[in-house]
Trainee: 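Dropping a structure here in structure tokens format, bear with me for questions.
The sequence lines fix the lettering, A, B, ..., with proteins before strands; numbering per chain opens at 1.
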Amino acid sequence: MITTDLFAASQPARRDEPLCDGAVVLRGFALADEAPLLQAIEAIATQAPFRHLVTPGGLRMSVAMTNAGSLGWVSDRRGYRYEAFDPDSGKPWPPMPEVFQRLATAAASCAGFAGFVPDACLINRYEPGTRLSLHQDRDERDFSQPIVSVSLGIPAVFLFGGPRRADPVRRVPLAHGDVVVWGDPARLHHHGVLALKPNHHAVLGDARINLTFRRAD
DNA sequence: CAGTATCG
DNA sequence: CAAG
């Protein structure tokens with residue numbers, strides 16, 4: 001009893017915010033790994049530069065993307081899919097940094113998804129005005145595996161809806177270091193990001209970087 | 001429809 | 001006219 005109280009008092013205050021059954025926001029979860037995370041992102045962007053993909057409808061996405069891991073998410077006129085090779089360079093995507101994998105596995109575990117080992121990390125770069133309309137992540141093989149989303153840089157408003165597009169949508173402000181995890185009952189829920197407001201972050205400048213971890217294969 | 005344009 |  002006393003040991004429990006002492007333990008609780010010695011831990012940083014964790015304010016986990018459940019969004020619904022199967023989805024939770026872990027406030028500040030990535031802050032401890034901020035420096036190595038940013039260094040790894042910079043190295044990845046050097047090998048596989050951010051680029052604007054085109055939707056199957058032929059429209060340019062406002063968010064700039066790259067990938068790390070054995071598979072990377074891509075979109076073009078042929079559709080959405082995962083590819084082992086960067087279409088721009090013909091080379092494999094940069095490998096998943098150890099700090100990425102460790103963070104994703106730990107966050108998933110905290111959210112109740114033990115044994116999550118991502119093989120793909122989609123890296124999205126937002127600038128003021130960038131948005132991502134409501135969609136589902138449904139290009140992966142195993143929907144029993146969760147999605148882990150890490151926010152870095154300037155804040156954004158995350159949209160989290162339900163399994164049907166017309167379902168009510170919650171607005172969730174996300175700050176530097178916040179992590180969202182959604183899985184099993186909420187794995188196919190719609191989600192998106194409102195257009196970013198003009199803002200500045202001391203380290204990342206006028207940008208938000210989002211890491212989205214998936215088990216694609 | 002991982003999009004925009006148009007409207008109240 | 002910006003936000004939704």
Side-chain angles (χ1 to χ4, degrees), chain A residues 19-20 22-23 25 41 44-45 48-69 71-88 93 100 104 118-143 145-174 178-183 186-200 206-217:
Chain A
L19 292 177
C20 67
V25 183
I41 292 165
I44 291 164
F50 287 100
R51 80 292 303 263
H52 293 272
L53 302 181
V54 172
T55 65
L59 298 170
R60 172 187 185 273
M61 295 178 69
S62 67
V63 62
M65 298 178 161
T66 186
N67 290 279
L71 291 171
W73 187 86
V74 297
S75 173
D76 58 23
R77 301 151 208 88
R78 307 178 354 185
Y80 310 137
R81 64 195 174 276
Y82 284 92
E83 294 277 6
F85 298 91
D86 179 349
D88 280 9
W93 297 104
F100 276 29
D119 56 11
C121 179
L122 174 60
I123 306 176
N124 290 160
R125 187 187 63 201
Y126 297 74
E127 281 160 29
T130 301
R131 62 193 129 105
L132 195 58
S133 63
L134 216 55
H135 67 277
Q136 296 171 296
D137 289 6
R138 50 180 305 164
D139 304 312
E140 301 77 26
R141 299 220 167 193
D142 183 1
F143 295 145
Q145 295 300 311
I147 302 288
V148 174
S149 175
V150 178
S151 293
L152 298 168
I154 65 180
V157 177
F158 184 59
L159 304 173
F160 197 77
R164 300 165 302 186
R165 182 134 193 185
D167 287 335
V169 175
R170 295 182 56 172
R171 296 152 171 269
V172 185
L174 294 179
D178 291 346
V179 178
V180 185
V181 182
W182 64 98
R187 176 60 178 74
L188 291 175
H189 283 205
H190 287 76
H191 56 280
V193 178
L194 286 185
L196 264 65
K197 294 194 285 196
N199 222 319
H200 184 79
D206 299 343
R208 169 178 188 259
I209 299 286
N210 178 69
L211 309 176
T212 309
F213 295 96
R214 303 95 182 268
R215 164 59 70 153
D217 189 44

Trainee: Which residues pass the ring-ring contact (aromatic ring centres under 6.0 Å, His included) test with A/F100, not counting sequence neighbours?
Mentor: A/F213
Trainee: Around A/R141, counting heavy atoms of other residues, nucleotides and ligands shown, do more than 12 lie under 6.0 Å from its CZ?
Mentor: no
Trainee: N/O contacts under 3.5 Å, protein versus nucleotides 3-6 of chain B?
Mentor:
from: B/dG3; atom 1: OP2; to: A/S133; atom 2: N; distance (Å): 2.4
from: B/dG3; atom 1: OP2; to: A/S133; atom 2: OG; distance (Å): 2.5
from: B/dG3; atom 1: N7; to: A/S133; atom 2: OG; distance (Å): 3.3
from: B/dT4; atom 1: OP2; to: A/R131; atom 2: NH1; distance (Å): 2.7

Trainee: Using distance only, find each side-chain donor-acceptor pair of residues 148-166 of chain A under 3.5 Å and give its atom names and separation, not counting sequence neighbours.
Mentor:
from: A/S149; atom 1: OG; to: A/N210; atom 2: OD1; distance (Å): 2.8
from: A/S151; atom 1: OG; to: A/R208; atom 2: NH2; distance (Å): 2.7
from: A/R164; atom 1: NE; to: A/D167; atom 2: OD1; distance (Å): 2.9
from: A/R164; atom 1: NH2; to: A/D167; atom 2: OD1; distance (Å): 2.8
from: A/R165; atom 1: NH2; to: A/L134; atom 2: O; distance (Å): 3.4

Trainee: Roughly how many Å is it from CG in A/L194 to C1' in C/dA3, rounded to a whole number?
Mentor: 10 Å
Trainee: Check the distance between C/dG4's C1' and A/R171's CZ and give it to me in whole angstrom.
Mentor: 7 Å
Trainee: Separation of A/L159 atom CG from C/dA3 atom C1', in whole Å?
Mentor: 13 Å
Trainee: Represent DNA chain B in dot-bracket notation, 5' to 3'. Only Watson-Crick or G-U wobble pairs with both distances under 3.5 Å count; pseudoknot-style crossings use [ ] and interstrand partners use |.
Mentor: ......|.
Trainee: Counting the atoms with a prime plus P, OP1 and OP2 as sugar-phosphate, which does A/D137 contact under 4.0 Å by heavy atoms, base, sugar-phosphate, or nothing?
Mentor: base
Trainee: Would you call A/R51 and A/D86 a salt bridge, taking side-chain N to carboxylate O under 4.0 Å as the test?
Mentor: yes
Trainee: ring-ring contact (aromatic ring centres under 6.0 Å, His included) with A/H200: which residues, sequence neighbours excluded?
Mentor: none
Trainee: Listing request: all salt bridge (Lys or Arg N to Asp or Glu O under 4.0 Å) pairs with a residue in residues 128-139 of chain A, at least two apart in sequence or in separate chains.
Mentor: A/D137-A/R214
Trainee: Check every strand shown and say whether A/R164 touches a base, only sugar-phosphate, or nothing at a heavy-atom separation below 4.0 Å.
Mentor: nothing
Trainee: Determine whether a donor-acceptor pair (N or O, by modelled atom type, separation under 3.5 Å) exists between the side chain of A/T130 and the backbone of A/V63.
Mentor: no
Trainee: Can you check whether A/H191 and A/H135 have ring centres sitting under 6.0 Å from each other?
Mentor: yes
Trainee: Could you measure between the two P atoms, the one in B/dG3 and the one in B/dC7, and give it in whole Å?
Mentor: 22 Å
